[in-house]
Visitor: 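The structure that follows is given in the form of structure tokens.
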Protein chains: 2
Amino acid sequence: MTVLTAMLDIWLDKSICSDATAKTTVVQSIESILSTLSLVRQHDMETPDFHVLFYAAPSLQRSSVVNIYSSGFTTITIEDGSKDSPLTNQVMEELKQKLKKALQTRMERIPLIKRGAPVPNYYTTSDERILEYDFDKIVFESDSKYQHVKILHSPTLGNCLLLDDMQNLAEKDINYTRGLMNYKQMCYRDKEILILGGGDGGLLHELLKEEPKHVTMVDIDEMVINACRDHLRGACGDVLDNMAGKNYEIIIDDCVNKMKEYIEKGRLFDIVFNDLTDFPISSEHQGGHWDFVRKIVDMSMKLLRQNGRLLNHAIGVSCPSSLETYEKLLKSLPVNVEFSKHSDHVPSFMEEWVFYEIRKLE
Amino acid sequence: MTVLTAMLDIWLDKSICSDATAKTTVVQSIESILSTLSLVRQHDMETPDFHVLFYAAPSLQRSSVVNIYSSGFTTITIEDGSKDSPLTNQVMEELKQKLKKALQTRMERIPLIKRGAPVPNYYTTSDERILEYDFDKIVFESDSKYQHVKILHSPTLGNCLLLDDMQNLAEKDINYTRGLMNYKQMCYRDKEILILGGGDGGLLHELLKEEPKHVTMVDIDEMVINACRDHLRGACGDVLDNMAGKNYEIIIDDCVNKMKEYIEKGRLFDIVFNDLTDFPISSEHQGGHWDFVRKIVDMSMKLLRQNGRLLNHAIGVSCPSSLETYEKLLKSLPVNVEFSKHSDHVPSFMEEWVFYEIRKLE
């Protein structure tokens, strides 16, 4: 079923709360709007700082709450589960305009929220702004040992991988992979490359087109690899069909373990990609998010030849303080580095994403 | 002030509605979650098809409604206007996980809606999905004779023009202008060009870099032009500082009138751009949206030399049926045309947008 939640916000004057007559007039205006939806007042509660009114039309499976705050700011929230609901953005705009005329004050309408869809469609940007997708089919969903793995289909994005309900990669996200690669700015020919994470296979698939000497990919979660092999072929092609090829190898392991092993053995790479999810799922106990980030950067530096590059994704351009923290971290490394950043729009993130290229200096 | 609205959705079994004991158990689980936010049941109403429960914590300026529908689908909506609100997406996720454990059924969390911000941040995509922007300043706001004109500032998009609360152009939207121009695929050198609309000046500014013979731009709304000249310079540069230059002219008029006049005089162009808003604001009485679209295309064809091009923006890729209707319209024109489409992501639309190039055949 679909349930619609409609929201209107009203900036009333602060004085409304201390003026009983004025408040009654406002409430009457609101009630006359709600009555067009058959909503009738059932209950209300008042303190000097807050007045909340509850409305319902039970036979229509409809309810509403009006909250009047001490600042004068007032919200109307309507929820409708009726078949053939009369609520549309257009209708709510008309109600808003009517009420605005009556109250002569600033009003805003929040677009309808659609609840009860068979496929979950609400997620957030990196700075926690709400995003609504057009996902229409659950293609895969299961809990692995490490995380919740989900692949959803969208008519505009293709299949899209979500890990713990965070958008990871969609079939239309070639921009993400090329952003991470700093595409056409970096040369991968004959290079020895290590990918940390990357279980969706998108990066490995694109890298192999550049004729590297060898690519080693280490991902902890076999379920992600299997699900993407079957359902994300628009991104990974056939690269996950085999765990090894003439110039690549896929290892299922915690990349922190593998990096330790490579450091002990003195193995070196020309390029390391950090394509891990934003939050650590390493089997080892980790400190906070930034401790994990620093650890990965530190270990990557030990695995790079002089002049080698670490490439990683960061976060949306709307999170400047996170980017600043990351750059401070890079400047405080025990080895000398030079770094640059660039950004590109990633369709499934619905935002502009920032990528870093970090060069280990002589 | 900031008021937060939090939403949780629960897929209960349909049988819940006819089983009083089972329903009581579910309600108790929900109430134990709500009680962690000091929310106490104040009122409830029940019909065979619908059960709605109202909760409040008035001293904390907090309220909540639980709607249990006949399908078993159940929604929890919490609104909090308290200073230092405890509601965060993280906290809501924890509440969801607790409740999911108790109820053992599918649950979804909708990210927090932030109400009461000084700058309105909620708009929609072309298929009415909710979008939340990071606008932080109202730069300009006024009603013109024709529409509500607003310019908002965003740290990630620059200043952004909204007409009747529809996103039009942001300073970071060079992709829109280049999409409309079919950039680098079309040659504008020495061409005679007509722009219908385009009051933001972005298209005119980019076109003049291509050394056309002459550009005539006809926009109905002087307020838009003046506001963009002052506040959208990242898109229009200095092109709106003067109403005419060595190879361009800006005319304030209804483009339908101007097109009629040009058709009567037999004036012809190499290229016509339709850069009008999606909904007609022509002074002339118009039929529906599609009648207006057809009229503009028809008249544009009359103004084009043989082999001339009409270029226009269409809508988001998430609206395939609108695109189909438009293509049917193009195929039913009284003149022979050939058309192609392409698409690009427009930052301020937060979606992939479709553009058409229509060639008038011999």
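Please read all numbers here as calculations on a predicted model, not as lab measurements. Letters go in sequence order (proteins before strands), and every chain restarts at 1.
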Visitor: With a 6.0 Å cut-off on the ring centroids, do A/W11 and A/F73 count as close?
Guide: yes
Visitor: Which one, B/E351, B/R62, B/H51, leads in non-hydrogen pairs under 4.5 Å with chain A?
Guide: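 Going by pairs under 4.5 Å, I would pick B/R62.
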Visitor: When heavy-atom pairs shorter than 4.5 Å are enumerated against chain A, which of B/E93, B/Q42, B/H43, B/Q61 gives the highest number?
Guide: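 Among the listed options, the one with the most contacts to chain A is B/Q61.
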Visitor: Quick check on the interface: out of B/M1, B/M45, B/H345, B/E108, who has the most heavy-atom pairs with chain A under 4.5 Å?
Guide: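 Most heavy-atom pairs under 4.5 Å with chain A: B/H345.
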Visitor: Count the heavy-atom pairs under 4.5 Å between each of A/V65, A/D165, A/I10 and chain B, then report the option with the highest count.
Guide: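 Sorted descending by pairs with chain B, the first entry is A/V65.
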Visitor: Please state whether the side chain, the backbone, both or neither of B/I113 comes within less than 4.5 Å of a heavy atom of chain A.
Guide: side chain
Visitor: What part of B/L157 lies closer than 4.5 angstrom to a heavy atom of chain A: side chain, backbone, both or neither?
Guide: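 Neither part.
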Visitor: So which part of B/E352 gets closer than 4.5 Å to some heavy atom of chain A, the side chain, the backbone, both or neither?
Guide: neither
Visitor: For B/K96, is there an ion pair with B/E94 - N to carboxylate O distance below 4.0 angstrom?
Guide: no
Visitor: With A/T77, which of A/I110, A/D9, A/T5 fulfils side-chain contact (heavy atoms from CB on, under 4.5 Å)?
Guide: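 So, applying the side-chain contact (heavy atoms from CB on, under 4.5 Å) to A/T77 and each of A/I110, A/D9, A/T5, only A/T5 qualifies.
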Visitor: If you count heavy-atom pairs under 4.5 Å between each of B/T156, B/T124, B/T75 and chain A, which one has the most?
Guide: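 Top count of heavy-atom pairs under 4.5 Å with chain A: B/T75.
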Visitor: Using a strict cut-off of less than 4.0 Å between a Lys/Arg side-chain nitrogen and an Asp/Glu carboxylate oxygen, indicate whether A/D344 and A/R178 qualify as a salt bridge.
Guide: no
Visitor: For chain A, which of B/T88, B/N175, B/D49, B/N89 has the most heavy-atom pairs under 4.5 Å?
Guide: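 Highest number of pairs under 4.5 Å: B/N89.
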Visitor: Between atom OG of B/S63 and atom CG of A/N67, what is the distance when rounded to the nearest 0.5 Å?
Guide: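 Rounded to the nearest 0.5 Å, the OG-CG separation comes to 3.5 Å.
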Visitor: What part of B/N121 lies closer than 4.5 angstrom to a heavy atom of chain A: side chain, backbone, both or neither?
Guide: neither
Visitor: Would you mind checking which part of B/S70 comes under 4.5 Å of any heavy atom in chain A, side chain (CB onward), backbone (N, CA, C, O), both or neither?
Guide: both
Visitor: Under 4.5 Å, counting heavy-atom pairs only, tell me which of B/P320, B/G116, B/S154 racks up the most with chain A.
Guide: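 Among B/P320, B/G116, B/S154, the one with the most close pairs to chain A is B/G116.
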Visitor: Which region of B/S318, side chain (C-beta onward) or backbone (N, CA, C, O), has a non-hydrogen atom less than 4.5 Å from a non-hydrogen atom of chain A, or is it both or neither?
Guide: both
Visitor: Could you tell me which portion of B/P120 (side chain, backbone, both or neither) has an atom closer than 4.5 angstrom to a non-hydrogen atom of chain A?
Guide: both
Visitor: Does a salt bridge link A/E132 with A/K114, judged by any charged N lying under 4.0 Å from a carboxylate O?
Guide: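 Here A/E132 pairs with A/K114 in a salt bridge, since their nearest N and O are under 4.0 Å apart.
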Visitor: Between the side chains of B/E46 and B/K23, is the shortest nitrogen-to-carboxylate-oxygen separation below 4.0 Å, so that they form an ion pair?
Guide: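 Result for this pair is yes, salt bridge flagged.
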Visitor: Answer yes if the ring centres of A/Y122 and A/Y133 are under 6.0 angstrom apart, and no otherwise.
Guide: no
Visitor: If only atom types and distance count, is the side chain of A/R115 paired as donor or acceptor with the main-chain N or O of B/T74 below 3.5 Å?
Guide: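 Judged by distance alone, no pair lies under 3.5 Å.
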Visitor: Please test B/Q167 against B/Y176 for side chain to side chain donor-acceptor pair (under 3.5 Å), starting from the C-alpha separation and ending with a verdict.
Guide: CA-CA 12 Å; B/Q167 311 92 314; B/Y176 171 84; over 6 Å; no
Visitor: Given a strict heavy-atom distance threshold of 4.5 Å, which part of B/V317 is in contact with chain A: side chain, backbone, both, or neither?
Guide: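 It is both, since atoms from each part get that close.
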